[in-house]
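Below you'll find the structure, written out as structure tokens, and then a few comments.
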Amino acid sequence: MDGFRALATEELQTLDNNHHLHPFTDSKVLHDIGTRIVTHAEGIYVWDSDGNRIIDGMAGLWCVNVGYGREELADTAVRQLRQLPYYNTFFMTSHPPVIDLSEQLAKVTPASFNHIFLTNSGSEANDTVIRMVRQYWSIRGKPEKSVIISRHNAYHGSTVGAASLGGMHDMHVQGGLPIPDIRHIQQPYWYQEGGDLNPDEFGLKAAQALEQEILEVGESKIAAFIAEPIQGAGGVIVPPDSYWPEISRICEQYEILLVVDEVICGFGRTGKWFATDYYDLKPDLMVMAKGLSSGYLPIACVAVSDSVAEVLIEIGGEFAHGFTYSGHPVSCAVAAENIRILQREKIIENVDQSTGPYFQQQLRNLESHPLVGEVRGIGLIAGIEIVEDKQARRRFDSELKVGIRCRDFAARRGLIMRAVRDSMVLSPPLIITKSQIDDLVDIARDSLDDILHDLNN
Ligand code: PXG
């Protein structure tokens, strides 16, 4: 492995081009540009194969919540690999790490959540949701309740089921998605879709789109509504304050299950354990991944509320669903230790009371920049919306690829920031300090200046 790392960047890039197909990537473009090879990481920083140190403003892919280089997690993994590297949880068997993790999750989730179904990715967890909610209604004697309502521009994963739940047009056109009985309503994206309404008026309207859809399809056919509390991959879209209370009212009134996808928002991102706590939601199912193990090993889950669990357990019989690696012992051991680190070091409290507000306040100062239409976010998740016309809330022509260019300027200056259209999104490790936040925001500001300069020349 060390020998491999010693290869020069160009050699690594050539080998990568020759043999590795990347996810969500135009391979031809990648082959022309060459990929960045990341070799190691510590805290909030990653290093590339040219020796550059870069602030990881995205915590990997929204996941490395406790930061890189955690010896405790490495030690836990090695210990578990030696003791029991694999055993399944099918066929009436279990093992200590899965038991421990399930109990830990029952403790940190809201009181009504006491049962956990484990998977290996957020996508698998969302596929599990599709099967579980349909099974739930079927057990309750209402198999016709099979329609799941989601939202345009939602991201719920990349498997056939999860991509169907998602509202990403580009994913749907590749492969004839969505699968039947998945419907999509308007997203609560005031900045781009709010028109002349104020945010709260628009938030109500976007929520009432759910009610309209229920009435149009027929209440008797609707199984569930699924949503991210804050859309992540869609561009860090924070709904107006009026949105979630109205959604909650509608779900209760029409007796449809509320599924909250906490894959990005969970495990402290908003300064609470879950955005469900932040928004005071009462979901029936919660989906988690990413921060569950801080990305150190693949693991995800669906947390099941007592009222749903009771139906599944007491009268459901066998749920014919699961994966070879459901409750993998090494992933479970690492995830449980990750939760203990979050608790021991009071990382989430610190985001809530100190670094989260500071991050938001420092980023809000960028709103005076000529290109910045809006900065939005909560805790340590944020989006910076680059616009051509602030008054009209109008974006640049997409051909100009302003977001991608800004991202590239930032990378050259030592910050990984992601571009979703022209929204620059940030979600740094939760252990970031105030002075590191200053460095991050300085580079973000300089990168905005770079793109402004570029556009004016
Ligand atoms: N739900 C949400 C809210 C997500 O953000 C998934 C489910 C799927 O998780 P898995 O583990 O199957 O990837 C995600 C994943 C991006 C990006 O470009 C975001 C994700 C995945 C890949 C790319 O921001 N989020």
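The basis for the numbers below is simple: all heavy atoms, side chains too, and nothing from hydrogens, waters or symmetry mates. If you read the sequence from its start, that first residue is 1, and numbering goes on from there. In listed order, ligands and their atoms are each counted from 1.
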Identify all side-chain donor-acceptor contacts of residues 425-433 below 3.5 Å with residues at least two apart in sequence or on another chain.
unit_1, atom_1, unit_2, atom_2, d
Thr433, OG1, Gln436, N, 3.2
Thr433, OG1, Gln436, OE1, 3.3

On the 0 to 90° scale, with breaks at 30° and 60°, tag the His184-His172 ring pair as parallel, tilted or perpendicular.
tilted
In chain-and-number order, ligand 1 lies under 4.0 Å from a heavy atom of each of Leu61, Trp62, Ser121, Gly122, Ser123, Asn126, Tyr155, His156, Gly157, Glu228, Ala233, Asp261, Val263, Ile264, Lys290, Arg418
Is it the case that over 12 heavy atoms from other parts of the model lie below 6.0 angstrom from the OH atom of Tyr86?
yes
Could you list the donor-acceptor pairs under 3.5 angstrom formed between side-chain atoms of residues 202-211 and any protein atom two or more places apart in sequence or on another chain?
unit_1, atom_1, unit_2, atom_2, d
Gln208, NE2, Glu246, OE2, 3.0
Glu211, OE1, Arg249, NH2, 2.9
Glu211, OE2, Tyr254, OH, 2.8

His169: what forms a ring-ring contact (aromatic ring centres under 6.0 Å, His included) with it, not counting sequence neighbours?
none
Is Arg70 paired with Asp75 through a side-chain N to carboxylate O contact shorter than 4.0 Å?
no
